[in-house]
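First comes the structure, then the notes that go with it.
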Amino acid sequence: MVTLSSLPSHLQDLNEKQLEAVTYGAGPLLIFAGAGSGKTRVLTRRLAHLIFTKAAHPMEILAVTFTNKAANEMKSRVSSLLMGNRYPLWVSTFHSICARLLRLHAEQLGYTNNYVIYDTSDSASLVKRILKQKKVEDSILAPKDILGHLDYLKNNYREIESLDNDTLKNRPYDVKLLIEVCLQYQEELMKANAMDFGDLICNVLNLFKLKPEILSHYQQHFKYVLVDEYQDTNRAQYLLIKSLSPVHRNICVVGDDDQSIYAFRGANVNNILNFRKDFPNAHVVKLEINYRSTKNIILAASSVISNNTKREKKNITTLNPKGNDLSIYTAFDENDEADFLIRQISSLKASGVPYQKIAVFYRTNAQSRAIEDALIKVNIPYEIFGGFKFYDRKEIKDIIAYLRLIINKKDDEALLRIINSPARGIGSTTVGQLQAFAKKDQLTLYQALTNICKAESKLFTGAIIKKLNIFYLLIEELSQAAQVVETQINSETENQYTKILYFMQFIESIGNKSGYLTKLKNKNEEDMSRQENIMELVRISQSYAHNALEQNEPILFSGFIERASLNSSADQSSKTLKINNEENEFISLMTLHLAKGLEFDYVFITGLEDGLLPHSHAFTATEEMEEERRLFYVGLTRAKLKLYLTYATSRSSYGRANCSSGYSSRFLEHIPANLIKDIR
């Protein structure tokens with residue numbers, strides 16, 4: 001008989017089903033992991049177990065998740081389980097893994113290996129430039145609509161030409177024009193040696209189609225494939241995972257169909273529900289013990305989600321106490337609702353509950369306004385999640401743009417961003433003339449700049465050429481310095497400390513030589529903050545270089561740019577209220593979509609009205625209504641000890657009264673009456 005004490009230490013604190021999932025041998029494995037059931041623990045223990053039992057070498061295991069935070073946590077936990085041994089691992093997000101593959105094989109697709117990754121703002125800037133060239137007004141075809149269609153196509157791994165009138169029904173677009181703009185967008189990316197986020201996965205799939213021998217290599221190489229949050233995969237991600245798995249067939253997917261809430265990003269819940277069709281002999285394990293919430297919360301959440309028809313049936317239980325009833329408050333309007341929140345939060349605080357253990361959820365960002373106003377009035381600190389991220393800050397994007405142009409002179413978007421940042425007297429008229437000069441001779445902007453600075457041009461005055469030349473010489477100087485630094489940091493004779501130092505110093509030198517840091521010195525508090533942000537980027541470059549050496553990978557400027565492009569910053573939120581608070585406490589405010597993966601002792605779910613949750617767009621579509629119900633389920637299962645549910649009989653937005661129905665959400669009817677306490 002096997003006892004817990006006879007098991008290896010990494011298996012001793014697992015329940016029966018967790019142990020089954022972790023120790024299952026070869027072959028496809030499907031793990032349905034209910035909310036709070038220890039999903040991350042099971043995934044990391046399985047990865048460590050494969051290494052412990054020598055089922056595969058660490059580099060022969062591919063583990064994929066959706067966020068850098070989750071990937072880093074997985075690496076950290078696995079390292080801890082392996083007694084601190086930090087093996088090089090393929091543990092990362094879909095985009096990071098694809099970027100890693102493309103660094104090795106991009107030349108097969110016509111790119112160079114130092115390609116750059118365009119973020120959302122880069123893509124938007126490029127689309128706007130194309131529309132301007134074509135003299136197309138936003139009212140005819142808006143940039144956000146074009147990017148939305150490109151995102152849809154790439155999530156589903158479809159050709160641009162597949163857009164047709166059926167796809168665009170009820171949209172007032174000229175389909176031919178839309179296709180032209182999308183095709184030109186891709187052409188401009190290729191000319192700039194750039195890819196956007198969607199291209200990363202699609203280009204790996206293209207690579208595998210074009211070069212079957214490369215696909216075969218990775219199919220043989222990855223003996224085990226593990227996928228986290230499989231319910232959130234889109235078609236392109238699904239095809240990628242499926243293409244890597246047919247040889248060894250040791251694919252393990254973990255997820256919860258009841259928490260699939262990202263259809264608007266292309267996520268397809270059918271990927272997890274149909275896993276047994278793709279792998280008919282798959283072994284199925286259900287993790288049904290919730291370690292997070294009270295019995296009443298579990299009963300309420302289970303009662304809600306059981307009304308969905310398209311789901312795997314589960315029997316979620318918990319060993320936790322029964323706990324409090326759920327409190328429901330009917331508010332007169334959004335201000336009354338906010339006042340109720342203040343009263344309850346103040347009462348919790350007075351009873352000794354720290355602010356960090358309290359969260360307020362809502363369906364749409366617009367709902368936060370009344371809540372924020374109420375919190376400010378009574379001086380309660382709060383934090384809005386999903387705010388301005390570190391890598392989205394202007395000064396960070398500018399320094400990264402300098403680095404992008406230094407290593408890739410084809411990057412027109414990077415040049416346009418920094419040619420006058422910091423200000424050096426190169427205005428929009430001059431930039432327009434530079435663009436016209438480049439277009440006439442079919443040059444990149446940097447090639448055009450080089451020609452102008454090396455030979456006199458009648459298009460520009462001597463004063464303008466002088467200003468352009470200062471910028472040109474700056475980029476040339478930095479480019480030459482970058483080549484020297486890359487040689488130094490990849491030299492066999494340099495020690496690790498020196499390599500990291502060289503790399504950090506070069507990133508800082510961009511801020512200094514460009515004049516960026518000089519212009520921020522001795523200025524106001526905002527400028528000081530921007531200066532600190534640039535120095536934080538230097539610190540991040542140290543972390544990148546250290547991790548690269550640890551993973552036996554070269555330290556590359558392109559790799560650092562990749563990290564900046566793909567990383568969800570550690571700063572996932574922005575404090576919108578700063579008050580003196582020695583304990584550094586705050587209430588967490590966020591949309592329900594951002595709440596997934598988090599947990600709090602006390603949770604308020606606001607705006608529970610038909611028209612808000614469920615959102616009005618779901619009224620005529622069964623699939624969308626089921627997703628709205630899953631969204632509510634996610635909110636319910638974030639709570640550990642107590643749930644407060646509120647709705648208003650009248651709600652205004654942007655000056656309009658009654659923007660919701662005024663009726664309580666139909667989802668509240670799913671909760672058994674004996675679990676609810678009405679607060680009037």
On a heavy-atom basis, which atom in [X] and which in [Y] lie closest, and how many Å separate them?
| X | Y | answer |
| --- | --- | --- |
| Pro554 | Tyr544 | O-OH, 3.8 Å |
| Phe361 | Gly635 | CE1-O, 3.9 Å |
| Ile426 | Ile419 | CD1-O, 3.5 Å |
| Pro143 | Leu131 | CG-CD1, 3.8 Å |

Taking the side chain from [X] and the backbone from [Y], do they hold a donor-acceptor pair closer than 3.5 Å?
| X | Y | result |
| --- | --- | --- |
| Ser245 | Ile241 | yes |
| Thr637 | Tyr633 | yes |
| Asn271 | Thr233 | yes |
| Glu627 | Glu623 | no |
| Tyr230 | Asp257 | no |
| Lys409 | Ile406 | yes |
| Asp256 | Asp258 | yes |
| Asp411 | Ala414 | yes |
| Ser260 | Ala267 | no |

Measuring from atom [atom1] of [X] to atom [atom2] of [Y], what distance do you get when rounded to the nearest 0.5 angstrom?
| X | Y | atom1 | atom2 | result |
| --- | --- | --- | --- | --- |
| Gln435 | Gln133 | CD | CD | 7.5 Å |
| Asp412 | Leu445 | CG | CG | 3.5 Å |
| Lys277 | Asn274 | NZ | CG | 4.5 Å |
| Leu200 | Phe94 | CG | CZ | 13.0 Å |
| Arg276 | Glu312 | CZ | CD | 4.0 Å |

Legend entry - Arg103 NZ/CZ over Tyr115 ring centroid, <6.0 Å and within 45° of normal: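 Yes, Arg103 sits over the ring of Tyr115.
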Inset, instruction - Flag this pair as yes if the NZ/CZ of Arg666 is under 6.0 angstrom from the six-membered ring centre of Phe619 and inside a 45 degree cone about the axis; otherwise no. - result: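 Because its charged atom sits under 6.0 Å from the ring centre and within 45° of the axis, Arg666 does stack over Phe619.
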Inset, instruction - Scan side-chain atoms only and decide if Thr65 and Asp228 contain a donor-acceptor pair under the 3.5 Å cut-off. - result: yes
Inset, instruction - Look at Lys397 together with Asp119 and state whether they make a salt bridge at an N to O cut-off of under 4.0 Å. - result: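 Result for this pair is yes, salt bridge flagged.
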Inset, instruction - Give me the one residue out of Val225, Asn281, Asp278, Val284 that meets side-chain contact (heavy atoms from CB on, under 4.5 Å) with Pro28. - result: Asn281
Legend entry - Set of residues satisfying side chain to side chain donor-acceptor pair (under 3.5 Å) with respect to Gln108, sequence neighbours excluded: none
Inset, instruction - Name all residues meeting the side chain to side chain donor-acceptor pair (under 3.5 Å) criterion together with Arg629; count only those two or more places apart in sequence or in a different chain, and write none if there are none. - result: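 Per chain and number, Arg629 pairs via side chain to side chain donor-acceptor pair (under 3.5 Å) with Asn308, His670.
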Inset, instruction - Compute the centroid of each ring, for His95 and then for Phe66, and state whether the two points are separated by less than 6.0 Å. - result: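 His95 vs Phe66: aromatic centres not under 6.0 Å.
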